[in-house]
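In what follows, chains carry the letters A, B, and so on, assigned in the order in which the sequence lines appear, proteins first and then strands, with residues in each chain numbered from 1.
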Number of protein chains: 2
Amino acid sequence: MDKTQEEKILDAAYHCIAKDGYARTSLRQIAQEAGVAVSQISYHYTNKEGLLLAVVARAAQNYHEYMKGFMKEGMTPQEKGEQFITLFQEVLQTDPELFRVLYDLAGLALWSEPFRDRVRDVFAGITEQITTEVFDADVLAELGNEYSAKTLASMLFGGLFGIAIQALLEPEDVSIRNSLSALSVIFQK
Amino acid sequence: MDKTQEEKILDAAYHCIAKDGYARTSLRQIAQEAGVAVSQISYHYTNKEGLLLAVVARAAQNYHEYMKGFMKEGMTPQEKGEQFITLFQEVLQTDPELFRVLYDLAGLALWSEPFRDRVRDVFAGITEQITTEVFDADVLAELGNEYSAKTLASMLFGGLFGIAIQALLEPEDVSIRNSLSALSVIFQK
DNA sequence: AGTAAATTCGAACGGTCGTCCGATCGAAAG
DNA sequence: CTTTCGATCGGACGACCGTTCGAATTTACT
């Protein structure tokens, strides 16, 4: 337990948001969870917005670490695509908190300018990774060159995202979870 | 202007949420927008939660009226599928507020039990309509009977939903808007 | 050891929130 | 005309919010 207070606060903030959502999380909650005085948050992160922007960065980092562990060298683009879908399935079961935070922050971005930019970056990073690693020239040719790599990447990520929220709302419904696998029809035309 | 106060309050609530999001909308805002005393909200809707549940019903109703106007008699299932995608494109351009409300309420459902049930109903209603009208036996056979109608419906709706949020965050990006059209590959295998 | 800077704390502030309550209004019923 | 009752209002209440500030403590450097 040699975590600095700054880290303890960030961890607590992430955890509280995952549990209750951004709108229902107060600085006092975060401080208590971190075992720290409320004023420490302002000291280290200026204000609530500053802390939450740091949480966005943390969520993005968590996601990218999942990604690193999943994508192996030497996979074909199509295998990477399948793997991408599998990753979402895994995360949805083992760490649904991550997706909740992602959804919550994306929602926040709809209304708040400073968050919009950050969340955009996160989303852009994800789709760009799909664009370059999954939809290379060969795959695009197989699909008839009808759509650009970026378009297909947005479709894949959007599909994953949209199905994931349905799955969170209906955890018992297997046909929704199957939809995730079904998404692979995109590159099996 | 013969609207009853109850209607005025509901209209104002819907409008405020579409503008600022649920979390940033206060009863005083709604009351002012409706030209009504704050206490009237409790009188007609018991409390804030009661009012917001009514807003969910209103949003669902708005959506279904869009739907009624779009789906014509005598369309083939595949045409209905395409039409469904077109509807989302239209709404995203002409009435993005509706989608914002949908996203916001779905997010609320992640954290609040009473909302979860209502939002589930709305989502279930949408996917069920797709299930029965778009993915009939013929279409399923064309696609090789690999997935159930319900699975494919969740995928279509999820794809639309996930792409729509990206489009709202990146209004200038044409490749995202193209992703909506690209979704039709689902039933063009 | 002594001092200056960086941390940490608890208390307080002004503001906003959802809710509640008594008073008033207006129309229908006796 | 009086009574009754639902509708409407403005104000007040307690709780909680994010932020600020001065004092206490710890750390780092000479």
Exercise. Is B:Y63 close to B:I126 at the side-chain level, that is, under 4.5 Å between some pair of heavy atoms?
Worked result: yes
Exercise. Contact boundaries of DNA chain D with chain B (under 4.0 Å, heavy atoms), 5' to 3'?
Worked result: D:dG6 to D:dA12
Problem set entry | Outermost DNA chain C nucleotides near chain B [under 4.0 Å, heavy atoms] | C:dC17 to C:dC21
Problem set entry | CA sep, side-chain torsions, deciding dist, call: A:F123, A:F157, ring-ring contact (aromatic ring centres under 6.0 Å, His included) | CA-CA 9 Å; A:F123 276 32; A:F157 176 59; 5.2 Å; yes
Exercise. According to the salt bridge (Lys or Arg N to Asp or Glu O under 4.0 Å) rule, which pairs have a member within residues 70-95 of chain A, sequence neighbours left out?
Worked result: A:K80-A:E133
Exercise. Would A:F88 and A:F161 count as a close aromatic pair, with their ring centres under 6.0 Å?
Worked result: no
For this session: Would you mind telling me which residue lines up with the more 5' stretch of DNA chain D, A:T46 or A:R24, judged by nearest nucleotide?
Result: A:R24
For this session: May I ask you to decide if A:G107's main-chain N or O and B:R100's side chain share a donor-acceptor pair within less than 3.5 Å?
Result: no
Seminar exercise, completed: By ring-ring contact (aromatic ring centres under 6.0 Å, His included), B:Y22 pairs with (sequence neighbours left out) none
Exercise. In residues 9-17 of chain B, what residues come within less than 4.0 Å of DNA chain D, judged by heavy atoms?
Worked result: none
For this session: Count the heavy atoms belonging to other residues, nucleotides or ligands that lie under 6.0 Å from CD of A:Q61, then report whether that count exceeds 12.
Result: yes
Problem set entry | Any donor-acceptor pair under 3.5 Å from B:S112 side chain to B:A109 backbone | no
Exercise. Is there a donor-acceptor pair under 3.5 Å between the side chain of A:Q29 and the backbone N or O of A:R24?
Worked result: yes
For this session: Examine the side chains of A:H15 and A:E33 and answer whether a donor and an acceptor come within less than 3.5 Å of each other.
Result: yes
Problem set entry | Steps toward salt bridge (charged side-chain N to carboxylate O under 4.0 Å, His left out) verdict (B:D117, B:R120) | CA-CA 5 Å; B:D117 295 337; B:R120 268 209 275 238; 3.3 Å; yes
Exercise. When we call it a touch if two heavy atoms are under 4.0 Å apart, what does A:S39 touch: a base, just sugar-phosphate, or nothing?
Worked result: base
Problem set entry | Proximity to DNA chain C (any heavy atom under 4.0 Å), residues of residues 47-59 of chain A only | none
For this session: State whether the side chain of B:D136 and the backbone N or O of B:V139 hold a donor-acceptor pair below 3.5 Å, judged by distance alone.
Result: yes
Seminar exercise, completed: Ranking B:S26 and A:V36 by the position along DNA chain C of their nearest nucleotide, the one closer to 5' is A:V36
Problem set entry | Backbone of B:L10 reached by a side-chain donor or acceptor of B:R58 within 3.5 Å | no
